[in-house]
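What follows is a set of notes on a single structure, which appears directly below.
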Amino acid sequence: MNVLIIGGAGYIGSHVTRRFLDAGHQVSVFDNLSTGHRANLQKEADFFEGDILIKGKLLEAMSAGFDAVIHMAAFKNAGESMEKPEIYAENNISGTINILNAMSEARIKKFVFSSSSSVYGEPDYLPMDEKHPLIPVSFYGFSKLEIEKLLKWYEKLRGIQSVSLRYFNAAGYDPQGRITGLEKNPSNLIPVVLETAAGIRDKVLVFGSDYKTKDGSGIRDYVHVSDLSNGHLAALEYLENQKQSLIANLGIERGFTVHEVIESARKVTGREIPVEVVDRRAGDPAEVYSSATLAKKHLGWDPQYCDINSILETHWKAYLANYPEK
Ligand code: WQD
């Protein structure tokens, strides 16, 4: 198929682009390179440099004719979204509306959307399945939920069918080392831990010591970016074969504490990783992990990286490519 990947130079987007190319699809990337890297652009993919807030650019790109759009161009820092809701509203909500409107005009009917586990908010029960109440506690989560709702109307009124993939905590890098562009100023735990191992930061601030978990720190479900990429490929196949929409979690159905992640990172990197335990971060639930039953059933999704070490090893390899050992 001929696929347009919006945000294809970003961390997850470049991995998804690589996966679609490996599977033999024809791929074009649309990206404004604000958080993505030119170095992440895959040479077999065509590139449109543009911003999703500029409708004309989207229409220009889409006029090339595509079977499907994969949308991964969003701001994704839940904490930041509480301080700067305007940019999340504009980019994540208005930007996605621009994409859907351009798709309507270009008559593209298949859409794969990067949604988030943050649409759920505080867990009522675990594991979190897709029937869990949707009460986001961050504006970021709200922005993703708004798009899921819009998609129901664009399906009804414009025939755009979609798969919304609710990612849990994405981490890891291409195991073959083909993608090495690191995220700029990361705030997620695993890149923060590895920046500390690499000497870019002095220490990891561990948010919270009094959660009701085995060591008092937060528990999250870390899912490898290559497994996420396989999920996107399966989502497109689902749209092609089943001709209906779907919302599905992508997570490995188990969680690790912050201290477990740091301890594993010490083993994987062989480096010292100093920590300072500080207060909880606002809006952080104690424990989050997925049920991925729907993705397994409908997408045949079968995650390969279910231990934290292999996630950290591949992610660390990307750090070593950028910061070689002396
Ligand atoms: C993980 C754990 C922190 C940084 C993010 C997105 C969310 C979703 C999943 C996709 C928590 C702790 C972190 C640090 C720490 N996915 N932590 N020190 O908040 O679970 O969610 O990924 O969209 O939308 O926001 O991820 O990596 O920030 O935190 O102690 O410096 O690590 O408290 O327990 P989070 P995270």
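Atom set for the values below is all heavy atoms of this structure, side chains included, hydrogens, waters and symmetry mates excluded. Note that the coordinates shown come from a computational prediction; the quantities given were computed from them, not determined experimentally. Atoms within a ligand are numbered from 1 in the order they appear, just like the ligands themselves.
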Below 4.0 angstrom from a heavy atom of [X], which ligand 1 atoms are there? Numbered from 1 as shown, please.
| X | value |
| --- | --- |
| Y167 | 10 (C), 16 (N) |
| S118 | 24 (O) |
| K76 | 25 (O) |
| S187 | 4 (C), 28 (O) |
| D284 | 3 (C), 19 (O), 33 (O) |
| G218 | 34 (O) |
| Y140 | 10 (C), 23 (O), 24 (O) |
| S116 | 7 (C), 8 (C), 10 (C), 16 (N), 23 (O), 24 (O) |

Does any N/O atom on [X] come nearer than 3.5 Å to any N/O atom on ligand 1?
| X | result |
| --- | --- |
| L189 | yes |
| N188 | yes |
| F207 | yes |
| L205 | yes |
| S115 | no |

Looking only at atom types and distance, does a side-chain atom of [X] sit under 3.5 Å from a main-chain N or O of [Y], one as donor and one as acceptor?
| X | Y | result |
| --- | --- | --- |
| D221 | I252 | yes |
| H232 | L228 | yes |
| S143 | Y88 | no |
| S116 | V119 | no |
| E287 | P285 | no |
| H71 | F113 | no |

Over-ring placement of R280 relative to Y211, 6.0 Å and 45° cut-offs: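 Relative to the ring axis of Y211, which defines the angle, R280 lies inside both limits.
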Per atom 12 (C) of ligand 1, closest listed option by heavy atom (V258, V192, L250):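 Minimum heavy-atom distance to atom 12 (C) of ligand 1 goes to V258.
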Under-4.0 Å heavy-atom contact with ligand 1, by part of R280 that carries it: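 The answer is neither.
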Side-chain donor-acceptor contact under 3.5 Å, [X] with [Y]:
| X | Y | value |
| --- | --- | --- |
| S226 | Y305 | no |
| N101 | S104 | no |
| D129 | Y125 | yes |

Please write down residue, atom name and distance for the protein heavy atom closest to [atom].
| atom | answer |
| --- | --- |
| atom 20 (O) of ligand 1 | R220 NE, 2.6 Å |
| atom 16 (N) of ligand 1 | F168 O, 3.3 Å |
| atom 26 (O) of ligand 1 | N169 ND2, 3.1 Å |
| atom 25 (O) of ligand 1 | A78 CB, 3.6 Å |
| atom 29 (O) of ligand 1 | R281 NH2, 3.4 Å |

From D67 atom CG to L236 atom CG, the distance as rounded to the nearest 0.5 Å: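 Reported to 0.5 Å precision, the distance equals 8.0 Å.
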Spatial distance of atom CG (N91) from atom NZ (K84) [nearest 0.5 Å]: 12.5 Å
Test log, rule side chain to side chain donor-acceptor pair (under 3.5 Å), inputs S310 and H224: CA-CA 9 Å; S310 57; H224 197 284; over 6 Å; no
Within-shell test, Y222 vs ligand 1, heavy atom, strictly < 4.0 Å: yes
